[in-house]
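In what follows, a single structure is set out as structure tokens and then discussed.
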Protein chains: 2
Amino acid sequence: MKDHFKKTAAIIGEPVRATILWTLLDGKSFTATELAIAAETSASNISMHLAKLVNAGLLKAENHGRHRYYSFSGKEIAYAVEALATIIPFASKKNLQADKTISPVQQCRTCYDHLAGKTSVTITDALLKQKLIIANDTDFGLTPKGKKWFAVMDIDTNELQQQRRSFLRPCLDWSERRYHIAGSLAAAFLDKMLLHDWIRRIKNSRVIVVTAKGQKNLYEKLKVVV
Amino acid sequence: MKDHFKKTAAIIGEPVRATILWTLLDGKSFTATELAIAAETSASNISMHLAKLVNAGLLKAENHGRHRYYSFSGKEIAYAVEALATIIPFASKKNLQADKTISPVQQCRTCYDHLAGKTSVTITDALLKQKLIIANDTDFGLTPKGKKWFAVMDIDTNELQQQRRSFLRPCLDWSERRYHIAGSLAAAFLDKMLLHDWIRRIKNSRVIVVTAKGQKNLYEKLKVVV
DNA sequence: GAAACATTTCAATATTAAATGAAGTGTGGT
DNA sequence: ACCACACTTCATTTAATATTGAAATGTTTC
């Protein structure tokens with residue numbers, strides 16, 4: 001078992017492969033060429049590293065014509081990568097203190113399938129303050145008022161709760177070191193915000209920007225300035 | 001931020017350092033010499049790797065005379081390492097299927113500060129079946145009946161609940177791929193079982209064995225055969 | 001105060017694995 | 001049928017980094 005751990009750690013530890021995993025963290029699929037650009041290396045090199053990751057069972061590849069799309073083979077992989085990202089502030093707290101400026105990726109990004117970063121923590125705080133969700137000892141609960149609120153957003157919470165996956169759970173934000181919402185409700189909320197153009201994805205990045213429309217709506221509906 | 005992730009991954013990825021982290025996972029402190037034996041390398045080499053881990057903020061060192069004890073610098077590090085261990089079954093599922101025999105470390109071990117492995121899942125199931133704890137959507141809750149049960153074990157649940165740390169939470173078991181109990185209650189339970197000699201630590205290992213006394217008591221008190 | 005032990009430091013060496021570039025395979029467009 | 005493109009494979013080069021062993025530092029024991 002120890003040996004498996006050593007092997008897995010070695011797979012993740014190589015800089016180019018670490019960059020691949022980092023890039024895949026927002027849950028999208030990427031082609032080898034896109035990943036080569038992200039990791040700043042050659043096509044042949046990225047191909048070799050991708051082969052190792054697939055062989056180790058961390059990634060899966062899907063063929064679509066002459067493109068091959070790579071993504072995590074399961075949520076567990078994404079969670080492990082996210083857990084690894086969580087310890088960064090510990091590993092480099094000196095640097096973080098020195099540099100007070102906040103980067104776009106710290107401000108707002110996707111975390112596998114939900115929103116993360118300073119904006120996501122702000123939104124979570126607003127949901128709590130408006131009593132749309134409540135914080136229990138170790139998890140979040142949806143209030144009747146919250147159920148209505150998400151219904152207005154055209155999100156069917158009953159349907160989401162019947163799914164096997166976690167409905168609403170706290171997820172530790174590595175950049176803010178505070179909790180934001182995750183689970184199927186958070187994922188559905190992200191989708192709706194993208195659909196209504198409240199937020200937009202930045203191409204080839206995990207960064208998300210809030211549009212003017214989004215700022216207006218989030219203020220009207222949650223009394224929050226993002 | 002990506003660069004920090006790359007660095008952190010590289011720190012963890014080296015085999016000797018991965019072994020150090022793995023060994024430290026049960027929350028105990030180890031000396032450089034003990035870790036050298038566990039990682040099967042020289043004293044000078046382990047010293048170099050330990051220096052890198054401390055420098056990266058993953059480990060802390062405490063001097064006690066001529067011994068220097070190394071341990072995780074925080075719980076977050078242990079959780080990240082545990083999350084990494086969670087993906088092992090994915091990375092090597094073929095091997096796991098082939099080998100049906102269960103190793104001692106899969107049977108019963110410590111996971112940072114609480115019990116893990118097949119035994120821990122069995123105990124968690126029994127606690128649920130006896131309605132001493134209940135499974136909510138995303139967490140576990142302690143019932144009044146459970147409160148009494150732990151009081152008989154000389155565990156003051158009120159006091160534990162007042163602590164800032166998580167009281168009772170599910171923790172995914174990487175070997176069983178099911179949940180066992182974690183949090184301050186699980187940690188206190190582990191301590192009591194060790195104190196009353198229901199279970200014993202195996203030297204220089206995360207493995208735990210259940211004593212005859214422990215088997216008797218777990219059957220009497222939880223109607224469970226471990 | 002000398003000896004035994006735990007750990008660290010340093011310079012030299014060994015080893016491993018990543019990067020490169022050219023050639024090969026397969027798919028899609030025109 | 002052709003060419004362009006996405007990706008892979010392979011043999012070779014390159015570079016990084018772990019390991020080793022000897023010497024130094026510091027601490028406890030007798």
Side-chain angles (χ1 to χ4, degrees), chain A residues 2-24 28-71 73 91 203-204, chain B residues 2-3 5-24 28-56 58-71 73 91 203-204:
Chain A
K2 189 168 82 173
D3 290 339
H4 287 303
F5 181 77
K6 269 158 70 174
K7 266 184 219 163
T8 308
I11 289 286
I12 291 176
E14 201 283 328
V16 169
R17 289 195 291 266
T19 305
I20 293 171
L21 295 172
W22 177 258
T23 307
L24 290 174
K28 284 197 301 187
S29 297
F30 285 85
T31 64
T33 307
E34 287 172 326
L35 291 168
I37 292 163
E40 297 175 295
T41 187
S42 68
S44 59
N45 195 31
I46 208 83
S47 178
M48 181 216 78
H49 286 301
L50 285 169
K52 286 192 181 180
L53 285 163
V54 169
N55 193 258
L58 298 186
L59 300 187
K60 64 178 198 292
E62 249 178 305
N63 287 12
H64 286 284
R66 61 176 156 181
H67 296 277
R68 179 168 289 178
Y69 289 94
Y70 290 91
S71 58
S73 62
K203 204 173 162 230
N204 287 335
Chain B
K2 189 167 81 173
D3 289 339
F5 181 77
K6 272 157 69 174
K7 265 183 222 163
T8 307
I11 289 286
I12 290 174
E14 201 282 328
V16 169
R17 288 194 292 266
T19 306
I20 292 171
L21 295 172
W22 175 260
T23 307
L24 289 175
K28 283 198 302 188
S29 297
F30 285 84
T31 64
T33 307
E34 287 171 326
L35 291 168
I37 293 163
E40 296 173 295
T41 186
S42 67
S44 59
N45 195 30
I46 209 82
S47 176
M48 182 217 77
H49 286 300
L50 285 168
K52 284 192 182 177
L53 285 163
V54 170
N55 194 257
L58 298 186
L59 300 188
K60 63 177 199 290
E62 248 178 303
N63 287 12
H64 285 285
R66 61 177 158 184
H67 296 277
R68 179 168 288 179
Y69 288 94
Y70 290 91
S71 58
S73 62
K203 204 173 162 230
N204 286 335

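By convention in this document, chain letters (A, B, ...) are assigned in the order of the sequence lines, proteins followed by strands, and residues within each chain are numbered from 1.
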How is A/Y69 classified with respect to the nucleic acid when contacts are heavy atoms under 4.0 Å: base, sugar-phosphate, or nothing?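 Nothing, no heavy atom under 4.0 Å.
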With sugar-phosphate meaning primed atoms plus P, OP1 and OP2, does A/A32 contact a base, only sugar-phosphate, or nothing at under 4.0 Å between heavy atoms?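 Sugar-phosphate contact only - A/A32 comes under 4.0 Å of backbone atoms but never of a base.
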Could you tell me, to 10°, how much the axis swings from one end of the helix from C/dG1-D/dC30 to C/dG28-D/dC3 to the other, five pairs per end?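 The value is 30°.
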Pairing residues for [X] by the side chain to side chain donor-acceptor pair (under 3.5 Å) criterion, not counting sequence neighbours:
X: A/K60; answer: A/S71
X: B/T31; answer: B/E34
X: A/S42; answer: A/S44

Please work out which of the three classes, parallel, tilted or perpendicular, describes the rings of B/F5 and A/W22, given edges at 30° and 60°.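 Taking B/F5 first and then A/W22, their aromatic rings sit tilted (interplane angle of 30° to 60°).
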Counting C-beta onward and ignoring hydrogens, is there a side-chain heavy-atom pair between [X] and [Y] closer than 4.5 Å?
X: B/E62; Y: B/R68; result: no
X: B/F30; Y: B/I20; result: no
X: A/I12; Y: B/I12; result: no

B/S/- contact track for nucleotides 10-28 of chain D, protein heavy atom under 4.0 Å: --------SBBB-----BB
State whether the side chain of A/S73 and the backbone N or O of A/G57 hold a donor-acceptor pair below 3.5 Å, judged by distance alone.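 Indeed, once roles are kept as given, a pair shorter than 3.5 Å links the two residues.
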Could you check whether any side-chain N or O of B/S47 sits under 3.5 Å from a backbone N or O of B/A43, counting only pairs where one atom can act as donor and the other as acceptor?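 Not at all, since once roles are kept as given, no pair shorter than 3.5 Å links the two residues.
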Give the minimum heavy-atom separation between B/T23 and B/A38, together with the two atoms involved.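 That would be OG1-CB, 3.9 Å.
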Could you tell me the boundaries of the chain A footprint on DNA chain C, defined by atoms under 4.0 Å from its heavy atoms?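 Contact boundaries, 5' end first: C/dA18 to C/dG28.
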